[in-house]
Amino acid sequence: MWVPALKNLTWAAIILGLSNTVVVLLGGFLVILAYPSCDHRYVFPFVAVSFAAWVRIVAMVPSGIAQEATAMTILESPSDNSAGVADAVLRLERRMRYKKWLWWTRFATVITVLQFVGATYLMFHTAKYISHPGTSSNCVLGIFSNGSWWKQRLLALFIIMACLVALVQCFAGSDVVNWRSYYATKDNAWKAHYLEVFDNGMREALCCLGRVRYLSVLEEDEVYSVARLLGDLVAYRASGTGHLELLAGLALLQRHGQSPRSFEDSMEAPEGLIQEAAALHKFAEAAYTGPLLDFGRNPFLFPCAWLYRQGLLAPWARNRWPILNGDNWWRGHAAAFLKHVNLTSEVLRQGRVNQAKCEAAYFIVVLHHLRSVVVAVRGTETPEDLITDGLCKECILSAEDLDGLMNSHVHPDVKLSVESSFPHYGHSGILGAAQDLFMQIDGNPGDYDAECKSSGFLSSLLGAGCECDGYDVRIVGHSLGGAIAALLGIKLYRRYKNLHVFAYGPLPCVDAVVADACSEFVTSIVYDNEFSARLSVGSILRLRAAAITALSQDTKTDKATIFRLARQFLNLSERQRSGTEVNNPASDLYYGAITGEDLNHQVYESEYLNDSQGSEGQCRVFPLLNEADKDSVITMDHSKFTHPFESNVDTFDNPISQFMETVPRSESTSARDPPEMYPPGLVIHIVPHRSLPMSMWKACTVQLSAQNYKAYIASRESFKDIIVSPSMFLDHLPWRCRYAMKNVLEARSAQGILNESYSV
């Protein structure tokens, strides 16, 4: 059994250990002085406080031993992600040791709470005695009035120490030994450490939310995959830098202004697309049948609003609503969806609200007056949705996944660009959800024969001679739901030529070639600075780098902090340190025969060409541009690491410059970079016209009615980097996009250019 060396102990643990020892000694001495002639009820507070301090000291020993055992097990873990039996045993041992340490820390936390309660009771007991003196002078508190001066000071010191120790322990944390004394600057050790932190934390959170099954899983599952990704992203802690430094960099990114971006050269979005997207948006918004939608609109009265929308206030009317898979007994989710879209129950034909991993909630609606079948896919609302979001590592798209892009009614150039540039990549969690949803609504994978009838639900509606024969198919979704809808539409487009997908604020989910290729039938609507359309692994890495760059350029920033940040990020993985290259067989053909936005405009030029060019608009943002490429592997000697802010520093030895060379560049890619993900289809960017930049408070309180909006066809390259803006999260709220589209249509209607052809 290992006993932590004194040098590995944290200063907080040493100070608290000594302080608790002082409390125990003082308390014991005072009790011995007063016990023979003092009643038990007057001695009890001092005994309780002293005993709690003694238990806290005793608990620090096994907690430190368990923490050191956890650190040593993590150091012994393999550096790669192989899946051998021996590695699985090591992962299990690492998890068990981490849980053992976690339980000891929680026991220490309980003791800390008891100490705080004991100190509070002691203070109350002392105040009561002072206000009503009457206790025998031989009792402990009698020392205040009749004791000698040294006894009075001893009693005062005990009370002060008991209160101070209890208060400090609430903020000192539970670590007994210093993790850094074991991990040092080992990247893999820190990643494995934070993997366990996130893995255990997410499983316990899921258990508290009713997903008990995740708590007992020992093998690698979707939670483990998300935890490993998060561990990789926060491994910057390896150099001793904290999360606050990174947040300071993000604050600087938001504070530093940049010249307004002009849309003079951008083409205004086709009015037909905007009108149809605005009409169908309410279905994507209505798919949020849980309390999340009502919480965003009514932060204080959302329980009442949600219960009303769920129909719980009138359970006798449950038979009016259709039955959905996984709905509650009063059919509240069906009621909530139909109340939001203000339609009768006959239009809702099928749906699902219960979920497992990589499954999406959806609703299928038949609109006879529009000759349309609408499939609404819900965005992120449940813990399972968050797991799907977190499974953002790229995966290879098969030919079956891209079936809709390789058929006879697709533009020949589109088909050629897709077929000539395999492999293609997509968001693994979203792809899994889209595949499951495809099986749910039209499941007949493999080759599709138009003359054969599929057994799927959509085919039973849209097949020849069926109820909805010849109807249009519209798939809509917001955020995660929009990305799933896009991949689902790509799979279904071969079967239904009159299909179109409207994705509102979708996550980046496909590579550049696929994103361009589906522009004919997929439209992504992005509202202003919303973060979701820019959220990918590559953009997060570049955001992390941009925060360091912003700190390095600020003259008031502590330069030692920047030095530590840059030095940590230069600790590359073992594969990169060894200089090995991973050749991508498709790197030369990755962008296919048609690149950029040429295909975007080529597909829509004949159908939606608009002679009027977009007027100038302004968007006060800070795009995270990078200045270096990750084309070479950096190896360095830490002993020769040069301070970046010396006047005579060489560019080659500048850690900021070296660090930026290890970050994937947004303008170009190398073979080692992860495939870049993009919003799918034709991207329409809706931006407000502002005269001045807004503060965080103003962005939260500004009235939408005071804004004027313009809609432009945007280059998807402009969504590669996260924009740090006060409104980046608020802009993702679905009703903001709905209002902006309505504003655009009203402005065009006032100009007399809107065609009144589509309304729901």
Sub-4.5 Å side-chain heavy-atom contact between Val473 and Leu492: no

Near-ring test Phe502/His500, centroid separation under 6.0 angstrom: yes

Rounded to the nearest 0.5 Å, what separation is found between the CD atom of Glu419 and the CE atom of Met406? 6.0 Å

side-chain contact (heavy atoms from CB on, under 4.5 Å) test vs Tyr493 passes for just one of Leu488, Leu402, Leu405, Val410, namely Val410

Distance alone, cut at 3.5 Å: any donor-acceptor contact between the side chains of Thr382 and Asp385? yes

Can you list the steps and then say if Tyr678 with Glu717 is a side chain to side chain contact (heavy atoms under 4.5 Å, CB included)? CA-CA 8 Å; Tyr678 295 90; Glu717 295 291 327; 3.3 Å; yes

Indicate yes or no: at least one non-hydrogen side-chain atom of Ile525 is less than 4.5 angstrom from one of Met741. yes

Got a sec, which residues hit salt bridge (Lys or Arg N to Asp or Glu O under 4.0 Å) with Glu196, two or more places apart in sequence or on another chain? Arg94

State, without any angle test, whether Asp389 and Thr380 hold a side-chain donor-acceptor pair at a distance under 3.5 Å. yes

Plane angle bin for Tyr527 and Tyr709 - parallel if under 30°, tilted between 30 and 60°, otherwise perpendicular: tilted

Any idea how Tyr194 and Phe198 line up, ring-wise: parallel (<30°), tilted (30 to 60°), or perpendicular (>60°)? tilted

Residue pair Ser539, Ser536: steps toward the side chain to side chain donor-acceptor pair (under 3.5 Å) verdict: CA-CA 5 Å; Ser539 66; Ser536 64; 3.3 Å; yes

With side-chain contact (heavy atoms from CB on, under 4.5 Å) as the test, pick out the partner of Thr388 among Leu480, Leu431, Leu507, Val226. Leu480

With a 3.5 Å distance limit and no angle check, can you tell me whether His427 reaches the backbone of Ala483 through a side-chain donor-acceptor pair? no

Once rounded to the nearest 0.5 Å, what's the spacing between atom CG of Leu386 and atom CG of Leu391? 11.0 Å

In Å and rounded to the nearest 0.5 Å, what is the OG to CD distance from Ser727 to Glu530? 10.0 Å

What distance do Leu487 atom CG and Cys509 atom SG have between them, rounded to the nearest 0.5 Å? 4.5 Å

Side-chain (His281) to main-chain (Pro734) donor-acceptor, under 3.5 angstrom: yes

Taking the basic N atoms (NZ, or NE/NH1/NH2) and the acidic carboxylate oxygens, is any pair closer than 4.0 Å for Arg495 and Asp442? yes

So does Val513 get a backbone contact from the side chain of His424, meaning a donor-acceptor N/O pair under 3.5 Å? no

Drop me the distance from Ile686's CD1 to Ile274's CD1, to the nearest 0.5 angstrom. 5.0 Å

Would a line drawn from the ring center of Phe531 to the ring center of Phe729 be shorter than 6.0 Å? yes

Just jot down the salt bridge (Lys or Arg N to Asp or Glu O under 4.0 Å) partners of Asp401, sequence neighbours excluded, or say none. Lys491

When you check the gap from the basic side-chain N to the acidic O, do Glu276 and Arg474 get nearer than 4.0 Å? yes

Okay, side chain of Ser479, backbone of Gly481: is any donor-acceptor separation there less than 3.5 Å? no

Interatomic distance, Asn529 atom CG to Leu730 atom CG [nearest 0.5 angstrom]: 11.0 Å

Are side-chain heavy atoms of Arg542 and Lys720 found at a separation under 4.5 Å? yes

